[in-house]
Amino acid sequence: MNKQLRSFEQEYVPKINRLLDEKLATSANQSLLGQSMAYSVKAGGKRLRPLLTLATIVSLNKEITAAEMQAAVAVELLHTYSLIHDDLPAMDNDDLRRGQATNHKVFGEDIAILAGDGLQALAFDWLATAPLDASITIRLVQKLAVAAGPKGMVAGQVEDVSTTGKRIPLAQLQALHKRKTGALLEYAVMAGAVMGHATAEQCQHFARFGAAFGLAFQIYDDILDETATAEQLGKTPNKDEVEGKNTYPRLIGLPAARQALNASIEDARQACDALSDSGADGNILSAFLSYFEG
């Protein structure tokens, strides 16, 4: 991780966590539900998605308002819902997430499902109630619904579970990754572009960065699943191979997977260069590519 990204995280992660703590405290009027929701949200994590939104706003030389902070953090709720549901026995059947027992292991499958449902709805509540211009709110709600829904993340999840144990072509896996993981990461970038009033040209470059970063993120995750420890991952390693999941290393081997990762990183870096040429500060988002070092 380079100094610019570390500095950005040190400034904004505490703000993200503080907002999550404050708003989650009054987000549910059923105590068990509130506990289950907070358990997974407060388990930690990189807060990568809201950070990408905030970095995009900053790259457009805009000050981050309280309303924009709330809207940026909403995606973390939706991301956490997806993790809770992914870990369920009917999905990935995992016991460990972010270094602690998964939600259903602590609260039971029924409460875990409902906690995920609650977080998904709450994400849209936080978006809708952030005091932004109505036209911006509508765009954010629509973009998040598409990214998380049956043309985005959920479609990718269905593709993932329905092809487990079956070998699929690399192009199909790439499309799966772009929907399952990439769609929400691309949304995070584009949400910042919308709130930062990016030009049409800049939006094209932001979208290119978001798509390339999202694909790189999942390829990197595929590689780590085979090469990292449970302590490093915060979740169970080698799950993909054991369960017969389609991943880049399993389809093309680790050396070629690393080449594909580097190609996606380079695509993202070129998008950052184009952003700088268009009047934005591409260096801020380029710093996020250091996430893939090591």
Residues 174-188, side-chain donor-acceptor partners within the protein, below 3.5 Å, at least two apart:
from, atom 1, to, atom 2, distance (Å)
H177, NE2, D222, OD2, 2.8
K180, NZ, D160, OD2, 2.8
T181, OG1, Q218, OE1, 2.4

Run the side-chain donor-acceptor check on residues 135-146: report pairs under 3.5 Å with partners two or more places apart or on a different chain.
from, atom 1, to, atom 2, distance (Å)
S135, OG, D133, OD2, 2.3
T137, OG1, D133, O, 3.4

Can you give me every donor-acceptor pair (side chain of residues 281-289, partner residue at least two apart or in another chain, under 3.5 Å) with its distance?
from, atom 1, to, atom 2, distance (Å)
D281, OD1, N283, N, 3.1

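Of the possible polar contacts, one joining the N262 side chain to the R258 backbone as a donor-acceptor pair under 3.5 Å is found.
What you find for L54 and F8 is that their closest heavy atoms are C-CZ, 3.8 Å. Residues G192 and T56 come closest through the heavy atom pair C-CG2, 3.6 Å. The nearest pair of heavy atoms linking T163 to Q172 is CG2-NE2, 4.0 Å. Summarising the geometry of L60 relative to A280, their closest heavy-atom pair is CD2-CB, 4.1 Å, with the distance given to 0.1 Å. Pairing each heavy atom of V41 with each of L77, the nearest pair is CG2-CD2, 4.2 Å. Shortest non-hydrogen contact noted between G196 and K62 is O-CE, 3.1 Å.
Under the side chain to side chain donor-acceptor pair (under 3.5 Å) criterion, the residue pairs touching residues 7-32 are N17-R47, with sequence neighbours excluded. Legend: ring-ring contact (aromatic ring centres under 6.0 Å, His included) pairs involving residues 102-131, not counting sequence neighbours, sorted by first then second residue: Y39-F107. For residues 144-167, the set of pairs meeting the ring-ring contact (aromatic ring centres under 6.0 Å, His included) definition, not counting sequence neighbours, is empty.
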**Request:** Start with the C-alpha distance between T53 and E68, add both sets of side-chain angles, then the distance that settles side-chain hydrogen bond (donor to acceptor under 3.5 Å, both in side chains), and finish with yes or no.
**Result:** CA-CA 9 Å; T53 301; E68 290 164 348; over 6 Å; no
**N103 and S40: CA distance, side-chain angles, deciding distance, side-chain hydrogen bond (donor to acceptor under 3.5 Å, both in side chains) verdict** = CA-CA 7 Å; N103 196 292; S40 290; 2.9 Å; yes
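We find the CG-OG1 distance between L173 and T247 to be 7.0 Å, quoted to the nearest 0.5 Å.
For an aromatic pair to be called close, the ring centres must be under 6.0 Å apart, and F209 with H205 fails this. The aromatic ring centres of F213 and F292 sit less than 6.0 Å apart.
Using a 4.0 Å cut-off between a side-chain N of Lys or Arg and a carboxylate O of Asp or Glu, K245 and D92 qualify as a salt bridge.
Judged purely by distance below 3.5 Å, without hydrogens or angles, the side chains of S290 and Q4 never pair a donor atom with an acceptor atom.
Residues L88 and N93 fail the side-chain proximity criterion, which asks for heavy atoms closer than 4.5 Å.
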